[in-house]
Q: 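Handing you a structure now.
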Amino acid sequence: MELIVGFFCILFALGISIATILASRKGRNSVNWFFLSLFWGIVGLIVLHVPSI
């Protein structure tokens with residue numbers, strides 16, 4: 001059970017890191033995207049891939 005929880009924690013941290021890196025590469029505020037992906041998870045990554053208007 002601890003292995004599964006650890007695995008999900010690592011995936012969660014990896015998702016937040018990826019969102020922050022992608023946001024900085026696209027020229028967006030990486031701090032805002034860090035908190036967006038922290039609270040919204042995968043939704044933050046999906047929204048990040050949508051082109052800005």
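Side-chain atoms are counted along with the backbone in the values below, which use heavy atoms only and exclude waters and symmetry mates.
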Q: Can you tell if the side chain of Phe7 reaches within under 4.5 Å of the side chain of Leu3, non-hydrogen atoms only?
A: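 With C-beta onward as the side chain, the pair stays apart.
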Q: Give me the one residue out of Leu14, Ile21, Thr20 that meets side chain to side chain contact (heavy atoms under 4.5 Å, CB included) with Ile18.
A: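 Filter result, single survivor: Leu14.
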Q: Spell out, yes or no, whether Phe39 and Leu22 are grouped together once hydrophobic residues are joined by side-chain heavy atoms under 4.5 Å, including indirect joins.
A: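 Both belong to a single hydrophobic cluster.
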Q: Considering residues at least two apart in sequence or located in another chain, which fulfil the side-chain contact (heavy atoms from CB on, under 4.5 Å) criterion with Asn29?
A: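 Only Val31, Asn32 meet the side-chain contact (heavy atoms from CB on, under 4.5 Å) criterion with Asn29.
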Q: Tell me, please, which residues at least two apart from Leu38 pass side-chain contact (heavy atoms from CB on, under 4.5 Å).
A: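 By the side-chain contact (heavy atoms from CB on, under 4.5 Å) rule, Leu38 matches Phe12, Ile16, Phe34, Phe35.
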Q: From Ile10 CD1 over to Ser17 OG, what is the distance, rounded to the nearest 0.5 angstrom?
A: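 OG of Ser17 is found 11.5 Å from CD1 of Ile10.
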